[in-house]
Amino acid sequence: MNVQPSDMIAPPGLKTASDLGLTTVMMRDILLKTMFRTNLERITDLERVLCVPARVVQELIDMGRDLGLVEAMGTMHAGAQSSEMGYRLSDTGKARALDALSQSEYFGAMPVPMEVYAVQVKRQSIRNITMTRDQLTGAMGHLILPDDLLDQLGPAVGSGRSILMYGPPGNGKSSISNGIRDALGDKIYVPKAIEYSGQIITVYDPIVHSSAEEDFDNPDTLRRKAKKYDRRYVLCDRPTVITGGELTLDMLDLVYNPTARTYTASLQLKSTGGVFIVDDLGRQTEPPQALVNRWIVPLEENKDILALQSGEKFEVPFDTLVIFSTNFHPNKIFDRAALRRIFYKIKIDGPDQEDFLKIFAMVAKKRKMPLSQEALIHLLKNKYPLIDNVYANYQPIFLIDQMISICEFEGIPYQMTPELVDRAWENMFVKEEEIIH
């Protein structure tokens, strides 16, 4: 996969407070609220929490001192090799901090203005990646997939657009979705928070975003490495959001916290630059057509429309590989207009007998279950004709795990016999019969 190194797509570093792109009042209030809530007094501590360089923190501190909001406390000894000036809020500063907190409880990392974030999204777009066959195959090495399926998946993933995978249940649609996620492999920069029209929207979510390990400089060392990128961002693996039957339309909108008076990014916004997987489409309370209608503008125009509590609507970048996975035929759950907007429609079918046996052998080896020719012939000749020889990818794992459980219960070595195949088969399907209440 051809990707740019993270240092090539990094957001430019900050040199002065004006580089933040925020109003003076917002920067000042976030500083005061942070000092009030955290009791931090040293520039180096505030630098870490506010996610801006020390010189920018000093500039904001000086601004607060000029207004009588911040007071110097004198030199604080932090160790044998370093000393640093401490600062605290004046009574006026505390009053201003409380007033600011009454308007918004947000404090900590300085937010990134929406228009600045939009530039960064383009810089690290998922549509900039180039997916190779080896990369995709490597990420799905645990799956037995026909070559023609990879022929379809490769260009679809490389496009960074939308994919609909459909077909009978139990054939690996979810596993393929996860394989696509693993195939991406590179990293992007995710903002801790973004700002629009004076409102702050938190974006970075440790549950969704897997941050890369980074060395933080020791503030007490004489020489420190320069922070070459904007620390309001976190370097992360490309994010993946996976939803299933629990997905509702309101999960795709901003979440407003009336107590804190701040917003949390929608699932779509959190997945920017990565993958959004909608598993089991058709099992949600919302009709599939309604869910896809919500994506029409984002899929066509690469932007989403969100709304503030006031009703004001605004645009955010939409740069996400959306993967829909369903057990239903697309024509049964979508109209033609919706299908037209999904760029790739890929059927994930069950394996033929040859691939079924390959999967069976691979699972048996992994589970340390010895293969038996007699048991396999019994399975293929006597059992599968009962279901019209319809094979599914989940069946080898199911049958072998069933036989392992039986062997462990009976206290016998792992083995595969026609009798054990019959007992395992009984648990794979439910008999059609009337239950008398």
Query raised in the report: Can you check side chain to side chain contact (heavy atoms under 4.5 Å, CB included) on Tyr233 and Ile188, steps first, answer last?
Result: CA-CA 9 Å; Tyr233 294 84; Ile188 62 170; over 6 Å; no

**Report entry** Over 12 non-hydrogen atoms of neighbours within 6.0 angstrom of CZ in Phe429
**Finding:** yes

Query raised in the report: Which heavy-atom pair separates Arg367 from Ile397 by the least distance, and what is that distance?
Result: NH2-CG2, 3.4 Å

Side-chain donor-acceptor pairs of residues 268-277 under 3.5 Å, sequence neighbours excluded:
{"residue": "Gln268", "atom": "OE1", "partner": "Trp295", "partner atom": "NE1", "Å": "2.4"}
{"residue": "Gln268", "atom": "NE2", "partner": "Asp304", "partner atom": "OD2", "Å": "2.7"}
{"residue": "Lys270", "atom": "NZ", "partner": "Asp205", "partner atom": "OD2", "Å": "2.8"}
{"residue": "Ser271", "atom": "OG", "partner": "Gln268", "partner atom": "O", "Å": "2.8"}
{"residue": "Thr272", "atom": "OG1", "partner": "Leu269", "partner atom": "O", "Å": "2.8"}

Report task. Please check if atom NZ in Lys192 has more than 12 non-hydrogen atoms from other residues, nucleotides or ligands closer than 6.0 Å. Result -> no

**Report entry** Exercise: do Arg123 and Gln120 side chains pair donor with acceptor under 3.5 Å
**Finding:** yes

Query raised in the report: Is there a side-chain contact between Asp349 and Pro168, using heavy atoms and a 4.5 Å cut-off?
Result: yes

Query - Tyr196-Glu115 side chain donor-acceptor pair, cut-off 3.5 Å - result: no

Query raised in the report: Does any donor atom in the side chain of Thr132 or Asp134 lie under 3.5 Å from an acceptor atom in the other side chain?
Result: no

Requested in this report: Inspect the contact between Glu47 and Arg231 and indicate whether a charged nitrogen and a carboxylate oxygen are less than 4.0 angstrom apart.
Outcome: no

Query raised in the report: Does Gln309 have any side chain to side chain donor-acceptor pair (under 3.5 Å) partners at least two apart in sequence or in another chain, and if so, which?
Result: none

Requested in this report: Establish, from distance only, whether the side-chain atoms of Gln152 and Asp148 form a donor-acceptor pair under 3.5 Å.
Outcome: no

Report summary line: Per side chain to side chain contact (heavy atoms under 4.5 Å, CB included), Arg28 is matched among Leu69, Val70, Leu60 by Leu69

Query raised in the report: Is there a donor-acceptor contact under 3.5 Å linking the side chains of Gln289 and Asn293?
Result: yes

Query raised in the report: What pairs with Arg261 under side chain to side chain donor-acceptor pair (under 3.5 Å), at least two apart in sequence or on another chain?
Result: none

Query raised in the report: Is the backbone N or O of Phe328 less than 3.5 Å from a side-chain atom of Thr326, with the two atoms forming a donor-acceptor pair by type?
Result: yes

